Amino acid sequence: MAISKLRCIGLVVMVTAQMVSAETLSPAQAPVVALDAADPTVAAIAPQADAEQWVRQTTSHLSSVRYIHQLAALYLANGYAPLWQDSLATTALEAQLQLLALSGVSADFSRRYTQLVHLKQSNDWRQYDLLATDTLLAYMSYLEGLPEYGRGWLFGAGIDPSLPLPSSQGLSHLNSAIETGQLRAFVAALKPQDRRYTQLQRAIDALMQHSQEPWPGFYQPGYIRLGTRLRKPEALIDRLERLGDLTAHQAAQLRASKVRTYNIDLANAMKRFQERHGLKVDGVIGPQTRYWLMMPVQERIRILALNAQRLRLWPADFPSMLVVNIPAYDLSLWLDNKHVLDSKVIVGRPSRPTPLMSSTVASVVFNPYWNVPNSIMRKDILPKARYDRGYLYRNGFRVIRSWNSSEQIPIHTIDWRLVNAKAFPYRLRQQPGKKNALGRFKFNIPNNNAIYLHDTPAKSLFNKTTRAFSSGCIRVEHADDLARILLTDSGVSPQRVDELKARTNTRTVGLSNQVKVHLIYQTAWVDEDGQVNFRNDVYSYDQINQMSQKEEKFTFLFSGENPY
């Protein structure tokens, strides 16, 4: 009975010896091709071992195929019928793979994507079918591993090339989709249902149209200001047009006028460019602006694709949440799906980066003490106290016996000339007041890294475009507004808030509505106005450690090199 079933399937799926291109078939038909049903190992309805041999023989030229045992089981269970007969299913898979491949985090997925494209172009549907299924298994495994490993994979480490099989639950869902003819829906569901992901995908598609054509070089040293004579004005106009900061009409007018100096129209376009890149918006082309202006289009595409993958790690739509985007130096607060606050922030410097994490705002502390972390005490404060005996007095510090004691040690009883920062037996605490490093407000977010949000007396630092100055905690420019909004949302009356602010003593107020907090790292996104934004990679997380992956990716995707 099984043999008859296989022979029937073979008759249904076989096509003429002349291969028909999938592009000539309807979505429901393409690619309908026999997977060598006449092969002796297949015709005998071989058990698992023979099915594995068939898979190995069929994919002998495909170095990427990894899950031989599972492939054999899948095709054996489905009578060796092709699984990718719906062209819309293959399109959905390829679109998601392309974005992952372009991100540069995995040479394996880049190679798989390029091989699939090559097999489709050569109408080799048998190998395409097996490679697509094997790649789907790897892709499912990648997605399952993101919650645990994503903050390493997508922030410098790159994806482990030896991904395990997907979970038994994932395989069960895949089997069900295959049996019920729902593979297209199964693959489509793997894509984030997030408009931000779709927006980045569209931005990538727009740049991909220009990725194969050369971009005119524009390099002019020094500072370019209004009236500066341009060496290659056409190149500058062309770049600003392709990047979307000049419309086609504006660019045409500038070309028609044969502009030769840096004029107001170019400066205004440059201001739009600078704003999108988090630069000082002055219209002057200096080193930072020049760096972003000359960035290769392939690198822009990689950054966009990498950040599209990172979106899988962050919450998409949560009614109430506080989000700090570290490289944007920005805090956004939503309550009941309404955007209620934006604030500049200061984050950890590269040597002491702010960690990526999620928590909740548990309480607001008015006039907080600052219990100085050991690392900051030893690296920053004790060296100053050793050479300036008045430093601790002037800045309101107290020496405390230990973390388990509140006993104060008189500062004058310590011979600071002999203090060894690494062996200092006490701890330091800074009194509330104008000089307190935490300012007037502290926002407790429970975590294992001793990280919190807080006010700061050093307000002038918020005027800088780059704001990575802290030791890991997050300083909030509008901490006063943040405290008021969070407390009011938790039912504390405005009058009570004003009373607490007027006092000088320390007071902690718990929040009944504990808003979710997410510290994220996005160096590219599309804003509410549809503008593509980029930011400097302050912690070098965009630079994948496995540099060979990036090299392979660009070789495969942008040169058309044979992937075999």
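The residues of the chain are indexed from 1 along the displayed sequence. Keep in mind that what you see is a predicted model, and the values were worked out from it rather than measured.
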Salt bridge present between [X] and [Y] (N-O < 4.0 angstrom):
{"X": "E241", "Y": "R255", "answer": "yes"}
{"X": "D238", "Y": "K232", "answer": "no"}
{"X": "D542", "Y": "R302", "answer": "no"}
{"X": "R467", "Y": "E477", "answer": "no"}
{"X": "R242", "Y": "E213", "answer": "yes"}
{"X": "D108", "Y": "R66", "answer": "yes"}

So which heavy atom on [X] is nearest to which on [Y], and how close?
{"X": "A235", "Y": "G217", "answer": "CB-O, 3.4 Å"}
{"X": "L279", "Y": "T465", "answer": "C-CG2, 4.1 Å"}
{"X": "I285", "Y": "R290", "answer": "O-NH2, 3.8 Å"}
{"X": "A251", "Y": "I237", "answer": "CB-CG2, 3.8 Å"}
{"X": "Y521", "Y": "N307", "answer": "O-OD1, 4.1 Å"}
{"X": "A269", "Y": "L240", "answer": "CB-CD1, 4.1 Å"}

Drop me the distance from [X]'s [atom1] to [Y]'s [atom2], to the nearest 0.5 angstrom.
{"X": "I544", "Y": "L306", "atom1": "CD1", "atom2": "CG", "value": "5.5 Å"}
{"X": "L171", "Y": "L74", "atom1": "CG", "atom2": "CG", "value": "7.5 Å"}
{"X": "S106", "Y": "I159", "atom1": "OG", "atom2": "CD1", "value": "4.5 Å"}
{"X": "L331", "Y": "L333", "atom1": "CG", "atom2": "CG", "value": "7.0 Å"}

Point to revise | Worked verdict on V324 versus I520 for side chain to side chain contact (heavy atoms under 4.5 Å, CB included) | key: CA-CA 6 Å; V324 174; I520 71 171; over 6 Å; no
Student check: side-chain heavy atoms of [X] and [Y] closer than 4.5 Å:
{"X": "T58", "Y": "R126", "answer": "yes"}
{"X": "Y75", "Y": "L83", "answer": "yes"}
{"X": "Y142", "Y": "W153", "answer": "yes"}
{"X": "Q127", "Y": "D124", "answer": "yes"}
{"X": "T198", "Y": "K191", "answer": "yes"}
{"X": "I474", "Y": "H454", "answer": "no"}
{"X": "L93", "Y": "L190", "answer": "no"}
{"X": "I204", "Y": "Q201", "answer": "no"}

Check your understanding: Can you list the steps and then say if Y329 with V538 is a side chain to side chain contact (heavy atoms under 4.5 Å, CB included)?
Key -> CA-CA 10 Å; Y329 311 114; V538 60; 3.7 Å; yes
Exercise for review: Let me see the working for R276 and D245 under salt bridge (charged side-chain N to carboxylate O under 4.0 Å, His left out), right down to the final yes or no.
Suggested key: CA-CA 9 Å; R276 293 192 302 111; D245 299 292; 2.7 Å; yes
Review point. ring-ring contact (aromatic ring centres under 6.0 Å, His included): which pairs involve residues 191-222, sequence neighbours left out?
Key: none
Return yes if a side-chain donor-acceptor contact under 3.5 Å exists between [X] and [Y], otherwise no.
{"X": "T133", "Y": "W84", "result": "yes"}
{"X": "S359", "Y": "N447", "result": "no"}
{"X": "R475", "Y": "S470", "result": "no"}
{"X": "D265", "Y": "Q250", "result": "no"}
{"X": "S167", "Y": "E144", "result": "yes"}
{"X": "E275", "Y": "N533", "result": "no"}
{"X": "Y113", "Y": "T135", "result": "no"}
{"X": "K120", "Y": "Q115", "result": "no"}
{"X": "S64", "Y": "D134", "result": "no"}

Check your understanding: Are Y452 and F443 close enough that their ring centers fall under 6.0 Å?
Key ->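 So the answer is no for these two rings.
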Practice item. Using the salt bridge (Lys or Arg N to Asp or Glu O under 4.0 Å) rule, collect all pairs that involve residues 515-538, keeping only residues at least two apart or in two chains. Key: R195-E528
Sub-3.5 Å donor-acceptor pair from the side chain of [X] to the main-chain atoms of [Y], do we have one?
{"X": "T261", "Y": "G227", "result": "no"}
{"X": "D86", "Y": "L88", "result": "yes"}
{"X": "S257", "Y": "Q253", "result": "yes"}

Practice item. List in chain and number order the residues that pass ring-ring contact (aromatic ring centres under 6.0 Å, His included) with H277, two or more places apart in sequence or in another chain; answer none if no residue qualifies. Key: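 So H277 forms a ring-ring contact (aromatic ring centres under 6.0 Å, His included) with F273, W292, F534.
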**Study point:** ring-ring contact (aromatic ring centres under 6.0 Å, His included) involving W314 - partner list, sequence neighbours excluded
**Key:**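 In terms of ring-ring contact (aromatic ring centres under 6.0 Å, His included), with neighbours along the sequence ignored, W314 is linked to no residue.
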Practice item. Sequence neighbours left out, what passes side-chain hydrogen bond (donor to acceptor under 3.5 Å, both in side chains) with T456? Give chain and number order. Key: none
Practice item. Would you please name every residue forming a salt bridge (charged side-chain N to carboxylate O under 4.0 Å, His left out) with R272, sequence neighbours left out? Key: none
Check your understanding: Taking it one step at a time, do R112 and E94 satisfy salt bridge (charged side-chain N to carboxylate O under 4.0 Å, His left out)?
Key -> CA-CA 10 Å; R112 285 173 178 274; E94 289 170 9; over 6 Å; no
